Amino acid sequence: MPTEVNREDVQRLLTAGAQLVDVLPAAEYAAEHIAGAISLPLKKLDRETAARLDSSRPVIVYCWDYQ
Amino acid sequence: MSPRAAWRLESLGFSQVFDYAAGEADWFASGLPREGREASVPRVADIVRRDVPTCRVDDRVGDVRDRVRAAGWDTCVVVNHEQVVLGRLRSQELAADAERRVEEAMEAGPTTVRPNVRLSELAGRMGAEDMSSFLVTTSDGRLVGLVD
């Protein structure tokens with residue numbers, strides 16, 4: 001079950017080596033995103049695209065806000 | 001959107017998945033680093049004054065006035081225990097009877113802007129609404145600061 005985290009948790013997880021994933025559409029990612037995040041839009045999230053991620057490390061996903 | 005992505009990743013075999021539900025709106029509101037084509041466009045978050053004084057609805061106006069003026073301000077934001085904005089005391093409200101409670105003197109429901117608003121847009125709003133300052137809040141109403 002995914003764990004909801006806050007900003008401080010995110011910073012701590014990133015320091016520990018977590019991967020940060022922006023799941024917004026690619027155009028929104030291109031306009032602006034959290035520094036260091038990679039783009040993996042929800043609509044394109046499948047086994048093939050998720051292979052970009054290291055499954056042995058924590059993954060943090062985010063979008064704009066509680067949408 | 002991010003909860004669905006988190007669950008999808010779990011279905012694909014990822015066992016350590018975290019959902020930053022407050023998202024980039026929360027990150028940007030805190031002035032943390034951003035990247036991208038529009039990342040250098042100045043936003044409210046870049047100039048917001050985060051040290052604006054705050055008070056509670058049950059405080060005495062006189063007590064708040066003394067504290068606010070001593071800190072060099074002429075306005076105070078009324079918040080609850082969750083830092084959600086309930087009102088605002090400007091200079092005229094701070095000049096009210098010292099014994100009144102903040103709740104009785106405050107401007108309720110003050111106008112706010114989001115931290116991600118572009119400064120060019122903010123200037124337009126200030127002109128259109130004849131305002132010299134705005135409170136800055138997150139989408140769930142929590143105080144970020146004041147921009148003037």
Side-chain angles (χ1 to χ4, degrees), chain A, chain B residues 1-46 50 82-84 112-121 136-145:
Chain A
M1 180 177 177
T3 303
E4 186 172 321
V5 290
N6 62 24
R7 185 172 61 250
E8 290 75 25
D9 296 327
V10 171
Q11 292 175 297
R12 186 170 57 253
L13 284 163
L14 291 176
T15 301
Q19 305 158 93
L20 186 60
V21 178
D22 184 321
V23 300
L24 290 162
E28 294 185 39
Y29 173 86
E32 202 164 35
H33 56 267
I34 294 176
I38 66 167
S39 175
L40 203 50
L42 175 63
K43 287 184 179 298
K44 296 183 177 177
L45 182 55
D46 57 23
R47 194 167 299 281
E48 183 180 343
T49 57
R52 293 174 57 197
L53 300 172
D54 179 352
S55 62
S56 69
R57 292 162 50 204
V59 179
I60 309 163
V61 295
Y62 75 88
C63 54
W64 173 245
D65 58 11
Y66 300 92
Q67 59 187 339
Chain B
M1 187 180 285
S2 62
R4 286 183 285 154
W7 280 107
R8 180 66 177 122
L9 283 170
E10 284 216 338
S11 77
L12 292 169
F14 289 80
S15 59
Q16 304 175 74
V17 183
F18 299 88
D19 177 16
Y20 179 25
E24 61 183 17
D26 174 69
W27 189 268
F28 296 160
S30 300
L32 290 167
R34 56 190 187 228
E35 296 173 340
R37 190 181 63 249
E38 298 178 6
S40 61
V41 174
R43 312 282 178 145
V44 165
D46 298 324
R50 298 174 191 272
E82 293 281 348
Q83 288 297 105
V84 172
T112 61
V113 294
R114 298 284 94 78
N116 63 303
V117 168
R118 296 174 182 223
L119 293 189
S120 55
E121 185 182 335
V136 183
T137 61
T138 59
S139 56
D140 57 354
R142 294 172 203 278
L143 178 66
V144 175

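Here the structure is a predicted model, which means the values were calculated and not measured. The figures here come from the full heavy-atom set of this structure, side chains too, leaving out hydrogens, waters and symmetry mates. Below, read A as the first sequence line, B as the second, and so on, with proteins coming before strands; counting in each chain starts at 1.
Counted within 6.0 Å of CD on Glu8(A), heavy atoms from surrounding residues, nucleotides or ligands total more than 12; the atom is thus considered enclosed.
Between Ile60(A) atom CD1 and Leu9(B) atom CG the span is 12.0 Å, to the nearest 0.5 Å. Here the CD-OG distance, from Glu32(A) to Ser40(B), works out to 9.0 Å after rounding to the nearest 0.5 Å. For the atom pair CD (Gln16(B)) and OG1 (Thr3(A)), the distance works out to 10.0 Å, reported to the nearest 0.5 Å.
Cys63(A) approaches Ser2(B) most closely through the heavy-atom pair SG-N, 3.6 Å. For Tyr20(B) against Ile34(A), the heavy-atom pair with the smallest separation is CE2-CD1, 4.0 Å. The two atoms that bring Val59(A) and Phe14(B) nearest to each other are CG2-CD2, 3.8 Å, heavy atoms only. The nearest pair of heavy atoms linking Ala50(A) to Leu12(B) is CB-CD1, 3.8 Å. Taking every heavy atom of both residues into account, Trp64(A) and Phe28(B) meet most closely at CZ3-CD1, 3.9 Å. Of all the heavy atoms in Asp65(A) and Ala25(B), the pair that sits closest is CB-CB, 4.0 Å.
Listed options Ala18(A), Ala30(A), Ser56(A) were ranked by heavy-atom pairs under 4.5 angstrom with chain B; first place goes to Ala30(A). Your options are Ala39(B), Ala22(B), Pro33(B), and the one with the most heavy-atom pairs under 4.5 Å with chain A is Ala22(B). No other option in Arg37(B), Glu24(B), Arg34(B) has as many heavy-atom pairs under 4.5 Å with chain A as Glu24(B).
Annotation: salt bridge (Lys or Arg N to Asp or Glu O under 4.0 Å) contacts of Arg12(A) (sequence neighbours excluded): Asp9(A). In terms of the side-chain hydrogen bond (donor to acceptor under 3.5 Å, both in side chains) criterion, Arg57(A) has no residue partners (sequence neighbours excluded). Every salt bridge (Lys or Arg N to Asp or Glu O under 4.0 Å) that Arg118(B) has, sequence neighbours left out, goes to Glu38(B).
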(message) Applying side-chain contact (heavy atoms from CB on, under 4.5 Å) to Val10(A) and Trp27(B), what does each step give before you reach the verdict?
(response) CA-CA 10 Å; Val10(A) 171; Trp27(B) 189 268; 3.8 Å; yes
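Side-chain contact between Trp7(B) and Met1(A) is present, with at least one heavy-atom pair separated by less than 4.5 Å. Considering only heavy atoms from C-beta on, Gln11(A) comes within 4.5 Å of Leu32(B) through its side chain.
No part of Thr138(B) comes within reach of chain A, as not one of its non-hydrogen atoms sits under 4.5 angstrom from that chain. Looking at Leu20(A), there are no atoms closer than 4.5 Å to chain B (heavy atoms on both sides), in backbone or side chain.
Contacts of residues 36-45 of chain A with chain B at a heavy-atom distance below 4.5 Å involve Gly36(A), Leu42(A), Leu45(A), listed in sequence order.
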